[in-house]
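Both backbone and side-chain heavy atoms feed into the values below; hydrogens, waters and symmetry mates do not.
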Amino acid sequence: MADNSIFKLTLGKQPWLVIVLTLLALIFGMGLGAALGHLVVQSLGVDIGQIMNSEEAIALDLLERQGIRWFNLVAHVFSFTFAALLVAWLAKGDRSWTAFLQLDRFTTAQLVGLSVLLLVATLPLIQFSNWLNANLPLPEWMISMEDSQNWLVGEVLRMESFKEFLVALTVAAVAPAIGEELLFRGLLQPQLQKLVNNPHWGIWLSAILFSAIHLQFVGFFPRMLLGALLGYLLWWSGSLWLPILIHFLFNGVQILGAYFNPEAMKVAVDTTEIEMPPIWLVALSLLAAGYLVKLFHEKRIPEAINQQGDGAA
């Protein structure tokens with residue numbers, strides 16, 4: 001028991017070791033989650049391999065759509081939530097795992113309100129980055145992989161009943177908001193900030209990893225910007241509950257939109273249909289986001305900043 005405690009205390013003081021352990025746990029979780037996901041879907045009578053290897057975008061029936069959703073849920077929980085909690089338990093040292101992951105304090109209604117406003121204000125910037133990303137000369141294999149994933153996303157978001165909506169909401173909003181925030185913001189971001197001795201670089205490095213792990217190249221820039229926004233919300237507030245909530249709202253609103261307006265979602269997942277927002281709207285978005293960032297900077301919690309290893313003001 002003593003040796004185990006010494007190991008935990010030593011690991012917690014070595015950010016590069018925690019980062020490496022996190023990436024190994026992520027890989028292990030992905031493998032375990034995929035294997036268990038296959039078993040769950042197989043028990044439902046769905047051939048997940050045949051669906052994944054399909055060379056053409058076909059419409060899936062209800063059982064197949066639910067199979068894809070349950071596979072993604074199991075795979076996601078083990079890849080992110082399980083991996084993050086395992087590493088947190090190993091690296092927390094003499095702190096509780098909730099304190100280590102910055103889950104031990106809740107945020108304020110004022111910060112939640114400002115966060116929602118900031119998210120809304122940055123949406124045109126995110127859309128503009130999506131348009132820029134879509135117009136990059138990407139290799140054919142990247143485009144092909146993107147099209148394949150977009151077809152699966154479209155099927156996950158094709159909901160013909162309220163029951164399907166609830167499952168899709170759990171898979172595409174609840175699970176990512178919890179699991180991805182635990183791993184990328186709660187675990188990796190503070191360690192990267194300590195490793196590079198710069199809070200901003202740590203936030204952006206975590207955002208880059210967050211976007212890269214999705215393997216969706218046309219959406220790399222907007223997802224990276226979202227990751228950075230969520231990272232700054234954690235850094236300003238000192239509470240992981242804030243980025244979890246905003247992540248859920250961002251995804252949840254899209255799921256809700258897909259449920260009530262399926263035709264609009266078909267256009268949204270088609271990378272050839274991405275349009276550039278009006279330049280005046282992008283400029284207004286930049287100004288509004290800048291003002292809200294100033295407000296956040298003034299209301300940030302000093303002890304939260306110190307806890308995450310603030311190397312530069």
Side-chain angles (χ1 to χ4, degrees), residues 72-73 76-77 79-85 88 96-127 157 165-190 193 199 202-204 206-207 209-211 213-214 222-259 285 288-289 291-301 303-305 307-308:
N72 283 333
L73 180 60
H76 197 286
V77 167
S79 298
F80 297 99
T81 306
F82 169 76
L85 293 178
S96 68
W97 67 271
T98 53
F100 181 77
L101 291 170
Q102 298 178 72
L103 288 167
D104 57 334
R105 76 163 86 196
F106 289 94
T107 188
T108 64
Q110 184 182 40
L111 286 182
V112 171
L114 281 175
S115 300
V116 173
L117 287 176
L118 182 57
L119 176 63
V120 173
T122 55
L123 287 179
L125 282 174
I126 292 175
Q127 184 183 356
L157 298 183
F165 166 73
L166 291 178
V167 178
L169 185 70
T170 302
V171 173
V174 177
I178 296 174
E180 293 174 8
E181 293 312 304
L182 282 173
L183 193 134
F184 289 101
R185 253 63 66 180
L187 194 56
L188 279 178
Q189 179 175 304
Q193 288 176 315
I203 289 170
W204 283 98
S206 179
L209 289 173
F210 165 70
S211 187
I213 201 69
H214 287 81
R223 190 171 288 105
M224 179 184 67
L225 288 180
L226 175 65
L229 170 63
L230 296 170
Y232 275 106
L233 293 182
L234 171 63
W235 187 56
W236 287 322
S237 69
S239 172
L240 190 63
W241 292 110
L242 186 56
I244 286 175
L245 175 61
I246 298 304
H247 195 155
F248 169 75
L249 289 175
F250 182 81
N251 287 13
V253 167
Q254 295 180 73
I255 309 303
L256 198 63
Y259 180 61
S285 173
Y291 175 72
L292 289 169
V293 166
K294 180 177 180 295
L295 289 181
F296 259 112
H297 189 76
E298 292 172 352
K299 297 179 182 299
R300 65 181 184 170
I301 301 173
E303 60 268 28
I305 302 298
Q307 179 181 347
Q308 295 178 65

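In terms of heavy atoms, Leu73 sits closest to Ala175 at CD1-CB, 3.8 Å. Residue Trp204 comes nearest to Leu225 through the heavy atom pair CH2-CD2, 3.9 Å, listed as atom of the first residue, atom of the second, then distance. Between Val171 and Pro176, the shortest heavy-atom contact is O-CD, 3.2 Å. Across Glu181 and Pro243, no two heavy atoms sit closer than the pair OE1-CB, 3.4 Å. The shortest non-hydrogen separation linking Arg223 to Ser211 is CB-OG, 3.5 Å. Shown here for Ala121 and Ala288, the closest heavy-atom pair between the two residues is CB-CB, 4.0 Å.
A 4.5 Å side-chain heavy-atom check between Gln102 and Pro190 finds at least one atom pair inside the cut-off. Counting heavy atoms from C-beta on, the side chains of Leu242 and Val112 come closer than 4.5 Å. The shortest side-chain heavy-atom distance between Tyr232 and Leu118 does not fall under the 4.5 Å cut-off.
Atom CG of Leu226 is separated from atom CG of Leu119 by 7.0 Å, given to the nearest 0.5 angstrom. Leu183 contributes atom CG, which lies 12.0 Å from atom CZ of Phe82 (distance to the nearest 0.5 angstrom). Going from atom CG of Leu229 over to atom CD1 of Ile126 covers 6.5 Å, rounded to the nearest 0.5 Å. Atom CG in Leu233 sits 12.0 Å away from atom CD1 in Ile244 (nearest 0.5 Å). Taken from CG in Leu234 to CG in Leu101, the straight-line distance is 10.0 Å, to the nearest 0.5 Å. Atoms CG and CZ, on Leu240 and Phe100 in that order, are 12.0 Å from each other to the nearest 0.5 Å.
Thr98 places no side-chain N or O within donor-acceptor distance of the main-chain N or O of Leu103, the cut-off being under 3.5 Å. With Thr170 contributing its side chain and Leu166 its backbone, the two residues share a donor-acceptor pair below 3.5 Å. Counting only distance, with no hydrogens or angles, the side chain of Ser206 and the backbone of Gly202 share no donor-acceptor pair below 3.5 Å. A distance-only check finds a donor-acceptor pair linking the side chain of Ser96 to the backbone of Ala99 [under 3.5 Å].
Ring planes of Trp241 and Phe106: parallel class, angle under 30° (limits at 30 and 60°). Ring geometry for Phe210 against His214 counts as perpendicular: the plane angle is over 60°, on a 0 to 90° scale with 30° as the lower cut.
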Are Phe296 and Ser115 close enough, and set up right, to give a side-chain contact (heavy atoms from CB on, under 4.5 Å), and what steps lead you there?
CA-CA 9 Å; Phe296 259 112; Ser115 300; 3.3 Å; yes
Take Phe184 and Leu230, measure what side-chain contact (heavy atoms from CB on, under 4.5 Å) needs, and give me the verdict at the end.
CA-CA 10 Å; Phe184 289 101; Leu230 296 170; over 6 Å; no
I'd like to know whether Leu295 forms a side-chain contact (heavy atoms from CB on, under 4.5 Å) with Trp236, so could you lay out the CA-CA distance, the side-chain angles of the two residues, the decisive distance to 0.1 Å, and finally the verdict.
CA-CA 10 Å; Leu295 289 181; Trp236 287 322; over 6 Å; no
Checking Phe165 against Ile255 for the side-chain contact (heavy atoms from CB on, under 4.5 Å) test, could you report, in this order, the C-alpha distance in whole Å, the side-chain angles of both residues, the deciding distance, and whether it holds?
CA-CA 8 Å; Phe165 166 73; Ile255 309 303; 4.0 Å; yes
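Residue pairs meeting the salt bridge (Lys or Arg N to Asp or Glu O under 4.0 Å) criterion with at least one partner in residues 106-115, sequence neighbours excluded, are absent.
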